[in-house]
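Just so we're on the same page: letters track the sequence lines, and every chain starts at 1. Just so you know, these numbers use all the heavy atoms, side chains as well, and skip hydrogens, waters and symmetry mates.
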Amino acid sequence: MKIVVALILLVLGSIVFHWLSPWWLTPLAADWGEIDLTIDITLYITAVVFVAVNLFLAYCVYRFRYSPDRRADYEPENKKLEGWLTAITSIGVIAMLAPGLVVWARFVDVPEDAHEVEVVGQQWQWSFRLPGEDGVLGEVDSAYVGLDNPFGMNPNDPAGDDDVLINTNELHLPIGQNVRLWMRSKDVLHDFAVPQFRVKMDMVPGMVTYAWLKPTVEGTYDILCMELCGIAHYAMRGHVVVDSQENYDEWVAAQSTWSEINGRPPGDPVAGQSQFATCVACHGQNGEGNVAMNAPALAGLPAWYIARQLQYYKQGVRGAHEDDIYGKQMAPMANMLADDQAVRNVTAYIDTLEVADAAHTIDGDPAQGASHYVSCGACHGAQAQGNYALQAPRLAGQDDWYLKRQLQNFRDGVRGTHDEDSYGHQMVLMARSLKNEDSINDLLAYLNTL
Amino acid sequence: MQHVAIADRPDELHDPQSFIAKYVWSQDHKVIAIQYGGTAIFVGLIALVLSGLMRLQLGFPDTFDFIDPSSYLQFVTMHGMIMVIYLLTALLLGGFGNYLIPLMVGARDMVFPFMNMLSYWVYLLSVLILLASFFVPGGPTGAGWTLYPPQAILEGTPGYDWGILLMLLSLAVFIVAFTMGGLNYVTTVLQARCRGMTLMRMPLTIWGIFTATVLGILAFPALLVSAIMMILDKTLGTSFFMPVLVSLGESLEYTGGSPILFQHLFWFFGHPEVYIVALPAFGMVSDVLSVHARKNIFGYRMMVWAIVAIGGLSFIVWAHHMYVSGMHPAFGFFFATTTLIIAVPTAIKVYNWVLTLWRGNIHLTVPMLFAIGFIFTFTHGGLTGLFLGNVTIDLPLSDTYFVVAHFHMVMGVSPIMVLFAAIYHWFPLMSGKMFNETLGKWHFWCTFLGTYAIYLPMHYLGFLGVPRRYFAMGTTDFIPESAQTLNAQITVAAILVGLSQLIFLYNILWSLRYGEKSKKNPWGAASLEWQTPDQPPHHGNWGPELPEVYRWAYDYSVPGVKEDFIPQNHPVTDAERTDGEGGHA
Amino acid sequence: MKLLKMLGTKPWLHDAEPGGVAAYAGPDNGDAARIALRFILAIVGVLFFLFIITFLSRSQYPDFEALAGAPWQPFTDPTRLWFNTSLLFMASVAMQWGLGGTRQGKLNVAVTGISAAVFFTLMFIIAQMDLWLHLQSMGYYINSNPANSYFYVLTAIHALHLIGGLVILSNVVFRVWYDNKLESLTAPLQLCTTYWHFLFGVWLVLFALLSSRPETINALAAMCGF
C-alpha cells in the first residue's frame, strides 16, 4: 500500500512544488507574451492529464490490490472506451498544438519595420554590427577575417564603411522597437539566447540565421551561448542593454564605424618612449617588472592587451575595486595618458622592448598543472603564447607572482566583475575552475616550464 | 548464410561441454544475452559514475579540484553516449531481445547463431574502443553526445583529435554489431516462430523488440553515414560538414560544407533511437503488468497498432530536435504537427496500461512496483515532451535543463524502471533462483523516489533558463541564489540514487549464489518462455519437441477456468470453445 | 491488405479448428536466409539512399563542382565509367549463368560461372581503383571538392559491399566443395546472385548521379526540396 500513498503524495507534492517554487520563467522583457501563454496552456492541459492518470493509477492499485478471494476481470478490449480516450486525447493535442503553430507563424514572419543588428559569434565571444547610416550591412565573409579585420568585412564593399562595429560583448537595443537579429558564426555552432527575451537561435558557420523581438523593459540582460561550443562554452557571456531612445542614440554615437577604425594612425614608439618614462619607476627600464614594487613585466605582453588594460584603468573598469590594492595605484598612472593615441604610442614602445625571462618564485607540481592548463590553453595557446583572435594575452615569461595574484583576484571577483570588462567575466569563471591555492601553484609551476 | 543450426533441428542438440564453448564462444542465445547484459551493465556503471562526477561539479561548483571545464564536458559526452547506445540499446535489444525472442516465440535459438555470437564480440570490440578513448592523448571527446561538427573536430573542444576519432570508430563498429544482431532478431521473429504462434499471438514484448529492431537497422545507417563523413572531414580534410571558418584565429582549409546536414543525419538516427529504447520497454512493461495484475493486457490490438504507429511516425519527427538550429523555420510547422500526433498512440498506451490494472488482482511484487513506477515517470516524461515538441515552447526551453530533465525522465528513468522490472521479473527464469524481495523493494524505493527528486526540480531550472552543458553558472542577473541550493539538493539525490544501485548489484550477485531455488514459473505467467521443460532453459530450450501454441499470451483469470492463467501451449478445451464465439469478453 | 487483416485479428478468440492451432504452420528456416537478405538489401539501400540525399543537399552549396559538364571535367566523357560498368554487368551475368548451372546440376557451368563472376568483380574493383589513380593524376583529390569527395566515398563504400559479397560467396562455395553436394549450392547462390544484381543496380544509380551535369543535379536537388 505504500506505493498508493507514494503516488498520491508525489502527485500532490508536484503540484505544491509548482505553486511554491520561486523558480519559474524569468520576467519577460520582450513582446513575446504569447510564448508564455502557449506554455501556460500546455502546462494546464498536461497537468490535468498528469494528475488524472496518476490518481487513477493510485486508485486502481489500491482498489484492486491482491485478494485471494477475488478474480481479475477478463476484458480483452473495450472499443468504445478506447475510442473516447483517443478522441479526447486528440482534442487535447490540438488545443496545445494550434496556439503553438499560430505563435510560430508570427515568429517566422519578421515585421517590415524591424531595424537590423548583426550578432557575430566566435569561440567564446560576442560581437555586434549595426548597419550604420545607410541602413545596409556591408558584405562579410570568413575569408576576409584577419588580425585587423575581426568581422571579416569586405574591404571593397562601400556599404560596409559606415557599419558600426562593436567588438565587445555588450549590445544596446532601443526600447519598443522591433529588431531583427541577423546571426552568424565565425567558427563553430553557437546560440544567441537571452532568457528574458524568450527567443533564441543557433548561429551556424557558413550561413546566416535570424530571430526578432521587441524589447519592452529597460534593463541589462545576460546573453548566454546555448549551443555547446567548446571548453569555454559556459564562459561565453555578454550583455544586452535595453535603453531609452536617447540613451541608445548616445551609445551608438560613441561607437566606431569600420572606416573610422581603418583610419586610425598606428602607435608611434618614439613618442611612446617619453610617455614610458613614468612607468619606468615601477615596471623597470626595460619593462621587466619588479616584485618589490608589485609591478609585473610589461615586455612580452602584446600591445593590444596593454592598450585594453590601460583603457580599463582609465575608465575605472579595472583598479576600481576596493580590494584591488595595486590596481588602485595603477589607475591614476593610466590617467596620465591623455588620449587613445597616447595609449597606442606607449604600447607601441613597449612592443619594442627586449623580453627577459622572469624569475620563478612559486613551487608546485608541473604535471598536475599541465592538466589544469588544458582549459587555459584553448585561448592562451598551447605554449601560452597568447592569441589575439581570442583576446588572450601571452602568459609565458610573465612573473608567476603576478599571475597568481591576478588569478586570485579573478576568483575573488576583485577583477573581472565590472560590467564593462568583456573578457574579465570569462576569466572569473575560468579562474574558479581552479579550486584552491595548490591548483594555482601547480598551474604556475607548469607555466614556468613553458 | 544457410547456417540454420538448431533452430528446428533437435539432432544438433549437443550441449557444449567445455567451459569455453559453453560460456565464452557460445552460440546459445541465452549465454549471448547474458554476455550482452553483463557488458552493458558494466559500461553503464562507468557512465553512472561519470554522471555522479558531473553532479558533484554542478551541485558544489567551487569544491572539487579534479573536475575542470574540459573534463566536465568529457564526462557529459561519455555519460550520454554510453547510456543511450552502449547501455540502453545494447541491454534492451542485445540482452533482453536475445534472451526473450527465441523463448517467447518458441524457437530453439536465433536463426543465425554464429552471427549472433559474432554480434556480441563485435559489440565488445566497440566498447573496448570506446573505453580506450579514456587513455589516449587529450582524452575522450567532449563534444556532447550529439557530436555536432564543426566543434567536435576542432581545437577548443576536448578530445578533438584522438577522442572523437575513437568515438566515431566505436560507433561504426557498434552499428555493425547491432546490424548482425538485428538481422537475427527480425528473421527469428518472422521465420522461427513455433506452430500456432501467429504474429498477433506474440506477447507485446516481442512486438516492441521487433519494431525497435526494424527501426534500428533502418536508422543506424544514418549514424554510420554521418560518422564516415565526419571521419573523412577530420582525417582527409574533406568538407562534407565543414564550412569556411576561422578557428581560434586561424583560417582553415575547409571549402563550405553544412553543419546542419550533419544534424539532420544525426537526428534521423537519433529520434528513432529514442523509440529503439522505448518500444522494447513498452512491450516488456505490458507483459509485467499483465502477469502481476493477473489480467490480460487491455486492448492488445490497440497496443500493437500503437507500437507500429509510433515506430512509423518516429521517422518523420526528427527535426523537432532542430527547431532553433537555423534550419528553414517553415519546417517547424510540419515537425511540430507530426511530433504532437505521436502523442496520441503514446497516450493510448499509457491508458491501456492503467486500464490493465483496473479490475485486476494486483500483486505488488518488486517487478510490479517498478512497472507502476514506470507508468508514473513515463507519464511525467511524456507530458513534458509536449512542451518541447511544440515548436513555440521550444524557443525558450531548448538547450536548457528542461530538456535534460525531460529526456532523462522519458528515456533514462522510465526505460530503466522497465529494465529493473524485467530483470526482477525474469531473474527466476534466467538463474533458477529467487532474488531477495526486501532488498528489491529497498532498491525500488530509493530509485523511484530518488530519481523523481532529481528530475522534477530540474525542469524548473529549465524554466528559469539555466543552460545545459555549462561547467559552472557563475553569477547572472536572472538566476536566484536559491537555484544553487536546488542544484546541491539534486546532486545529493543523484548520489543517493547512484549508491542505491549497489543494493541491486548486491541482491543479484548474492541471489545468484545463495538465493532460494525458484519455483517453476513463480509468477504464474502464461507466455511461452516460462513453459520450458527446465528452468533455466537448457541449450535448445525445448527438449526434443518444439512447443505448439493454441492461444494468445494473456489468458489470465479466464472465466470458467479454475487456474487463473492458461499457458500459451495448452490446447483449447471444449468448455472454453463452447463458452461462446465472442470469446470471454 | 494481408498485413492489415493480420493486424485486425482478435487473438483472444479461438478459431474453429480442432486443437485451436491457427493458420500459422510453424518455423520455416529454409526461408530465413532469404528474409535476412531482404533486410540486408533494405539496409544497404537506406545507406546509399542517405548518401545520395546528402549528396544532393551538399550539391547546392557554391563550392560544389560537378564532375561532368564542362569539357575539362573528367566525366564529361564517361567512357571509363561505361567500361567499368560493363565489367560489373558481366559479373552479374556470370552469376546468373552459374546459378542456372547449379539448378540444372551442371558442375562445369556452375564452376565457370562463379569463377567468371569473381574474376569480373575483382576486375571491376581494380578498374575502379585505377580510375581513382587517374583522377588523382588529374588533380582531383578527395578534399579538393565535395563532388570529388562523394565520388571517392561512394565508390569505396560500393566496392566494400562487393568485397563483403565475395567473402560470403567464397564461404558458400567452400562449404559446398567440402560437402560435395552441388544441389545444396542452389539456394545460397540464388541469394548471392540477388545481392550481385542489387549492387549492380546501386552502381547504375551512382554512375548516373556522379556523372550528371550540374543542371541535372540541380533539378534533382530541387525535386527533393534543397
Measure distances from [X] to the heavy atoms of chain B and classify the residue's part below 4.5 Å as side chain, backbone, both or neither.
{"X": "A:Y388", "value": "neither"}
{"X": "A:M207", "value": "side chain"}
{"X": "A:L81", "value": "side chain"}
{"X": "A:H425", "value": "neither"}
{"X": "A:M203", "value": "neither"}
{"X": "A:A58", "value": "neither"}
{"X": "A:W32", "value": "neither"}
{"X": "A:L101", "value": "both"}
{"X": "A:R411", "value": "neither"}
{"X": "A:F50", "value": "both"}
{"X": "A:S14", "value": "both"}
{"X": "A:Y210", "value": "side chain"}
{"X": "A:K79", "value": "side chain"}
{"X": "A:D191", "value": "side chain"}

I'd like to know which of [options] tops the heavy-atom pair count under 4.5 Å against chain A.
{"options": "B:T337, B:L252, B:D62, B:T157", "answer": "B:D62"}
{"options": "B:P396, B:A336, B:P243", "answer": "B:P396"}
{"options": "B:G249, B:A347, B:P150, B:G389", "answer": "B:P150"}
{"options": "B:G142, B:S398, B:G465", "answer": "B:S398"}
{"options": "B:R301, B:E155, B:R468", "answer": "B:R301"}
{"options": "B:F448, B:Y554, B:Y300", "answer": "B:F448"}

Which of [options] touches chain B most, by non-hydrogen pairs under 4.5 Å:
{"options": "A:H239, A:R63, A:Q196", "answer": "A:Q196"}
{"options": "A:D187, A:V49, A:D73, A:V188", "answer": "A:D73"}
{"options": "A:L429, A:I39, A:D438", "answer": "A:I39"}
{"options": "A:N436, A:V204, A:D222", "answer": "A:D222"}
{"options": "A:K200, A:R198, A:E34", "answer": "A:K200"}
{"options": "A:T209, A:I231, A:N387", "answer": "A:I231"}

Select one option (side chain, backbone, both, neither) describing which atoms of [X] are under 4.5 Å from chain A's heavy atoms.
{"X": "B:A152", "answer": "neither"}
{"X": "B:Q74", "answer": "neither"}
{"X": "B:N390", "answer": "side chain"}
{"X": "B:M473", "answer": "both"}
{"X": "B:L73", "answer": "side chain"}
{"X": "B:E250", "answer": "neither"}
{"X": "B:P61", "answer": "backbone"}
{"X": "B:I348", "answer": "side chain"}
{"X": "B:V350", "answer": "side chain"}
{"X": "B:L248", "answer": "both"}
{"X": "B:T476", "answer": "both"}
{"X": "B:L154", "answer": "side chain"}
{"X": "B:P69", "answer": "both"}
{"X": "B:I479", "answer": "neither"}

Exercise: identify the closest heavy-atom pair between [X] and [Y]:
{"X": "A:F192", "Y": "A:M183", "answer": "CB-SD, 3.6 Å"}
{"X": "A:V145", "Y": "A:G152", "answer": "CG2-CA, 3.6 Å"}
{"X": "A:A72", "Y": "B:N361", "answer": "CB-N, 3.8 Å"}
{"X": "A:G381", "Y": "A:Y373", "answer": "O-OH, 2.6 Å"}
{"X": "A:I3", "Y": "B:L369", "answer": "CB-CD2, 3.9 Å"}
{"X": "A:L224", "Y": "A:P195", "answer": "CD1-CG, 4.0 Å"}

B:W358 and A:Y59 aromatic ring geometry - parallel, tilted or perpendicular at 30°/60° bounds: tilted
Ring centre gap for [X] and [Y] strictly below 6.0 Å:
{"X": "A:H190", "Y": "A:W124", "answer": "no"}
{"X": "B:H380", "Y": "B:Y452", "answer": "yes"}
{"X": "B:Y460", "Y": "B:F463", "answer": "yes"}

Donor + acceptor pair across side chains of A:T26, A:Y221 (<3.5 Å): no
Supply the atom-to-atom distance [X] [atom1] to [Y] [atom2], rounded to the nearest 0.5 angstrom.
{"X": "B:L245", "Y": "A:Q123", "atom1": "CG", "atom2": "CD", "result": "9.0 Å"}
{"X": "A:D36", "Y": "B:I393", "atom1": "CG", "atom2": "CD1", "result": "10.0 Å"}
{"X": "A:I223", "Y": "A:F197", "atom1": "CD1", "atom2": "CZ", "result": "8.0 Å"}
{"X": "A:L228", "Y": "B:Y148", "atom1": "CG", "atom2": "OH", "result": "10.5 Å"}

Trace of the side chain to side chain donor-acceptor pair (under 3.5 Å) decision for A:S433 with B:Y72: CA-CA 10 Å; A:S433 75; B:Y72 176 78; over 6 Å; no
Over 12 non-hydrogen atoms of neighbours within 6.0 angstrom of CZ in B:F60: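 Yes, because the 6.0 Å sphere around CZ of B:F60 holds more than 12 heavy atoms from other groups.
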Other residues, nucleotides, ligands: >12 heavy atoms within 6.0 Å of A:W84 CH2: no
Side chain to side chain donor-acceptor pair (under 3.5 Å) between B:S70 and A:S375, worked out: CA-CA 6 Å; B:S70 28; A:S375 304; 3.3 Å; yes
Pair A:E75 + B:R359: basic N to acidic O under 4.0 Å: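 Looking at A:E75 and B:R359, the cut-off is not met.
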